[in-house]
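Chain identifiers are assigned alphabetically (A, B, ...) following the order of the sequence lines, protein sequences preceding nucleic acid strands; residue numbering begins at 1 within each chain. Since the structure is predicted, the reported quantities are computational estimates derived from the model, not experimental observations.
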Amino acid sequence: MSILSVLWDPFASFGFMRRALVASMTLGMGAGPVGVMLQLRRMSLIGDAMSHAILPGAAVGFLLAGGLSLTAMGLGGIVAGLGVALLAGLVSRRTQLAEDASFASFYLTSLALGVLIVSARGSNIDLLHVLFGTILGIDASALCLMGGITTLSIALLSIIWRPLVMECVDPGFMRMTGGRGGIYHMVFLFLVVINLVAGFEALGTLMSVGMMMVPAATARLWTRRLLPMMVLSAATGMAAGLIGLLVSYHYGLAAGPSIILTCSVLYILSLVVSPAGLRAGRHVHETS
Amino acid sequence: MVAAAGLHDSAVRHIMGTDRMGRLHTMIPDTTAGTIRLEDAGAIMGGQTVWRHVTGSFRPGSMTAIAGANGTGKSTLLRAILGEVPLAHGTVTRGGLGPRDFGYLPQARIIDRGFPISVTDMVLGGAWQQTGLFGRADRTVRLRAANALHRVNLDGQAQRMIAALSAGQFQRLLFARLLMTDARVIVLDEPFTALDAPTTQDLLELVCEWHTQGRTIIAVLHDIHQIRTCFPDVVLLHDGQATWGRTPDILTPVILQRAYGGTRDRWADMPS
């Protein structure tokens with residue numbers, strides 16, 4: 001078997017592999033840049049929390065539609081994700097709890113609630129699908145949704161770029177000089193939620209955040225400039241999609257975890273060989 | 001308390017190299033445009049009264065230091081002036097000044113210095129009121145940014161990332177960003193904390209330059225000597241109240257001892 005056929009045949013022969021490839025590339029492109037911003041805002045944990053928060057919404061969508069309906073579950077997920085984001089923000093402003101602490105409480109509640117709802121009505125298979133996704137079962141309408149979300153995400157990110165960056169570096173300056181930084185924070189949280197919803201059909205609620213976080217962490221090891229960092233993060237996610245699918249095809253492994261694990265392998269490799277990685281020693285802590 | 005004012009006035013004038021002081025010291029209540037006035041203002045944070053019954057004005061072109069021991073609510077006062085803290089009682093009026101007339105220098109420690117942004121982009125951020133949040137920074141703005149960096153001695157640093165700057169260089173950068181705002185009122189929260197002497201000197205000169213341009217300066221400061229030599233007016237916060245007036249009248253050994261503790265001799269021995 002030639003190298004070319006190893007790389008080419010799976011996608012040439014099977015429609016579901018082609019759709020999985022397009023899906024993972026689309027997800028990587030959209031989630032990568034958002035993940036970079038999320039990490040730079042020191043909100044990694046909040047991304048994790050939001051991915052769990054989507055679950056009960058998706059579960060309610062699942063109940064109402066009577067099965068795995070992407071539209072119903074996606075909409076439910078967006079509503080639930082934004083709801084938890086708003087509530088957690090409100091709680092942390094009104095109480096002494098830090099934002100991550102209130103997020104953690106909300107997402108554990110959401111996770112339990114979501115699992116309860118799905119397992120009350122659906123089968124264990126359904127639960128597995130919701131939690132871990134079915135990237136090999138993606139259909140054309142799901143691809144359209146992912147493509148739309150990725151397009152919207154990149155467009156919005158480039159529009160709110162300047163205020164978002166300003167708000168990140170120095171929220172005080174922006175607020176005190178008459179800028180409304182809070183709005184851009186909310187738009188950004190919205191971007192996080194829709195990207196997680198896009199990933200949720202393919203990778204499930206538990207793993208979709210992996211496509212957002214791991215490539216972003218990898219990219220941060222290689223460059224210290226924001227735009228290249230985001231491009232590299234997207235590229236890493238896309239490459240991991242391709243490699244992960246090929247590995248899963250040839251070795252008969254589950255596709256979703258293979259993709260995320262490929263992200264992890266790229267991250268670990270980068271940790272070892274990149275200029276800001278382990279070789280740099282303590283310096284990494286100062287610059288990251 | 002008032003008798004020595006004339007003498008100190010001339011001392012201040014000598015250091016500032018300007019003759020504007022006399023006008024700034026007029027004690028007539030001022031309600032003209034551009035005056036920020038607190039009227040019996042009070043602030044509560046976390047159920048605790050920070051300060052109350054604060055009355056006084058920052059007139060256009062005035063230069064006022066806000067002093068006081070840690071925890072007396074200096075930053076809270078700044079934020080109240082900027083409208084960021086709701087007052088528990090009283091009012092603050094801004095004489096028609098909008099949020100965009102204010103330039104603000106936050107305490108350096110609350111800025112995320114690890115963020116991957118270049119010196120140039122950081123400075124250009126100061127011009128957002130002119131370029132808009134989404135508009136392009138045209139050549140004029142870029143030229144102003146280069147000039148601002150030159151003014152604070154950051155030539156040749158434009159392409160570096162802010163994470164690579166020293167504490168002093170970073171503070172210079174924040175001042176360059178303030179230059180870009182071209183604001184009528186400049187509010188500084190501990191602008192010289194943890195800076196070496198040459199940097200402090202350079203930046204203090206810049207503040208004085210803003211003052212001679214007729215901008216209003218309000219700064220939280222810790223260094224009593226600095227206040228005495230450069231700031232004609234002072235608000236001293238202690239025990240939940242504010243003592244507001246001309247610096248020589250306020251920063252006397254008796255009042256300083258009341259505000260900061262220590263012995264009266266210690267405050268009397270201070271170079272002024």
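Residues A:Arg224 and B:Ala164 approach most closely at NH2-CB, 4.1 Å, considering heavy atoms. The shortest non-hydrogen separation linking A:Asp170 to B:Pro106 is OD2-CG, 3.3 Å. Taking all atoms of both residues into account, the shortest heavy-atom contact from A:Val169 to B:Ile111 is O-CG2, 3.3 Å. Closest of all the heavy-atom pairs between B:Gly125 and A:Phe173 is O-CE2, 4.0 Å.
With respect to the salt-bridge test (charged N to carboxylate O, under 4.0 angstrom), the residues B:Asp112 and A:Arg42 qualify.
Taking CG of B:Asp121 as the reference point, atom CE of A:Met166 lies at 11.0 Å (rounded to 0.5 Å).
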Test side chain to side chain contact (heavy atoms under 4.5 Å, CB included) on B:Ile117 and A:Val165; report intermediate values, then the result.
CA-CA 8 Å; B:Ile117 180 173; A:Val165 166; 3.7 Å; yes
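Residue-environment remark: NE2 (B:His150) stays at or below the threshold of 12 foreign heavy atoms within 6.0 Å. Atom CZ of B:Arg52 is surrounded by 12 or fewer heavy atoms from other residues, nucleotides or ligands within 6.0 Å.
For chain A, no part of B:Leu105 is nearby; none of its heavy atoms comes within less than 4.5 Å. Using a 4.5 Å cut-off between heavy atoms, A:Met174 contacts chain B through both its backbone and its side chain.
Along residues 69-85 of chain B, the residues that come nearer than 4.5 angstrom to chain A, judged on non-hydrogen atoms, are B:Arg79, B:Leu82, B:Glu84 in order of number.
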